[in-house]
Amino acid sequence: KFTKMKSDTNSPTSSPTFSHSSNNNIASSPPQVVMSPCAACKILRRRCAEKCVLAPYFPPTEPAKFTTAHRVFGASNIIKFLQELPEFQRADAVASMVYEASARIRDPVYGCAGAICQLQKQVNELQAQLAKAQAEVVDMQFQQANLLALISMEMSPTPQESPQQSVDNFISSPSHSIDYQNSCNFFEEMAKANLNSMWEPL
């Protein structure tokens, strides 16, 4: 019996089952995905690890981004900065480093401070222009109000009389014309009396 069982196990009928299962295992295994290194690791010529701190912020499609920051700050400082910051602040830190590095490359003397001074100067000039424009608007509104007041006065049915017209109307009125004539006659008589007294012989 033992010999028969041994011969049965060594029979060729059992071999196809084993080979078929091995082929299924090979076919069902997922294909391996080859990840390209990030721009930082590619420029530094090192192996990009699975949890590379630089990979999320320096993709392989933007090599100039890491090159600019690397020229001013250096790879070790960039990695140190990112490791000391929480993850939600790292993207802003990378953008700031790239901007500052670009400004330093354009202007090696002042760098980012020079760009800030130019922007502040532009802001001051724009504020002065805005204040001037606002003053001109107020002046135009004042002139418009005066013009509308003059137009309304001219179009009113009973315009106000000038002081000279008021005096003339007062004198020419019937109630005061007689008094005005009497006053004039009185002053003429007084003047004549004074002249006569002056020419009397001493």
Report yes or no: does Arg71 contribute a side-chain atom to a donor-acceptor pair with the main-chain N or O of Ala101 at less than 3.5 Å? no

Run the side chain to side chain contact (heavy atoms under 4.5 Å, CB included) test on Phe81 and Val94 for me, step by step, so that the C-alpha distance in whole Å, both residues' side-chain angles and the decisive distance to 0.1 Å come before the verdict. CA-CA 9 Å; Phe81 292 155; Val94 170; over 6 Å; no

What is the distance from atom OH of Tyr57 to atom CG of Asp92, rounded to the nearest 0.5 Å? 10.0 Å

Would you confirm whether Ser152, through its side chain, and Leu148, through its main-chain N or O, come within 3.5 Å as a donor-acceptor pair? yes

Under the side chain to side chain contact (heavy atoms under 4.5 Å, CB included) criterion, do Phe66 and Lys42 qualify, and how do the steps go? CA-CA 10 Å; Phe66 179 76; Lys42 189 174 182 180; over 6 Å; no

Heavy-atom pair of closest approach, residues Cys52 and Cys41: SG-SG, 3.7 Å

Side-chain heavy atoms of Pro59 within contact of Cys38, under 4.5 Å: no

Side-chain heavy atoms of Tyr99 within contact of Cys112, under 4.5 Å: yes

Check whether more than 12 heavy atoms from other residues, nucleotides or ligands sit under 6.0 Å from atom CD of Glu87, and answer yes or no. no

Within one Ile-Leu-Val-Met-Phe-Trp-Tyr cluster: Ile116 and Ile105, side-chain cutoff 4.5 Å: no

Could you check Met97 against Thr68 for side chain to side chain contact (heavy atoms under 4.5 Å, CB included), going step by step and ending with a plain yes or no? CA-CA 9 Å; Met97 284 188 287; Thr68 303; over 6 Å; no

Hey, could you give me the CG/CG distance between Asn146 and Leu150, rounded to the nearest 0.5 Å? 6.5 Å

Please report the C-alpha distance between Phe58 and Ile78 in whole Å, then the side-chain angles of each, then the deciding distance to 0.1 Å, and finally whether the side chain to side chain contact (heavy atoms under 4.5 Å, CB included) criterion is met. CA-CA 11 Å; Phe58 299 103; Ile78 295 173; 4.2 Å; yes

Kindly indicate whether the side chain of Gln134, heavy atoms from C-beta on, has any atom under 4.5 Å from the side chain of Val137. no

Would you mind reporting whether Leu130 and Gln127 have side-chain heavy atoms less than 4.5 Å apart? no

If you round to the nearest 0.5 Å, how far is NE2 of His70 from CG of Leu54? 11.0 Å

With rounding to the nearest 0.5 Å, note down the distance linking CD in Gln120 to CD in Glu125. 11.0 Å

Donor-acceptor check, side chain of Asp139 to backbone of Ala135, threshold 3.5 angstrom: yes or no? no

Approximate separation, where rounding is to 0.5 Å, of Ser102 OG and Glu100 CD: 10.0 Å

I'd like to know if the side chain of Arg90 reaches the main chain of Leu82, judged simply by a donor and an acceptor atom lying under 3.5 Å from each other, with no hydrogens or angles considered. yes

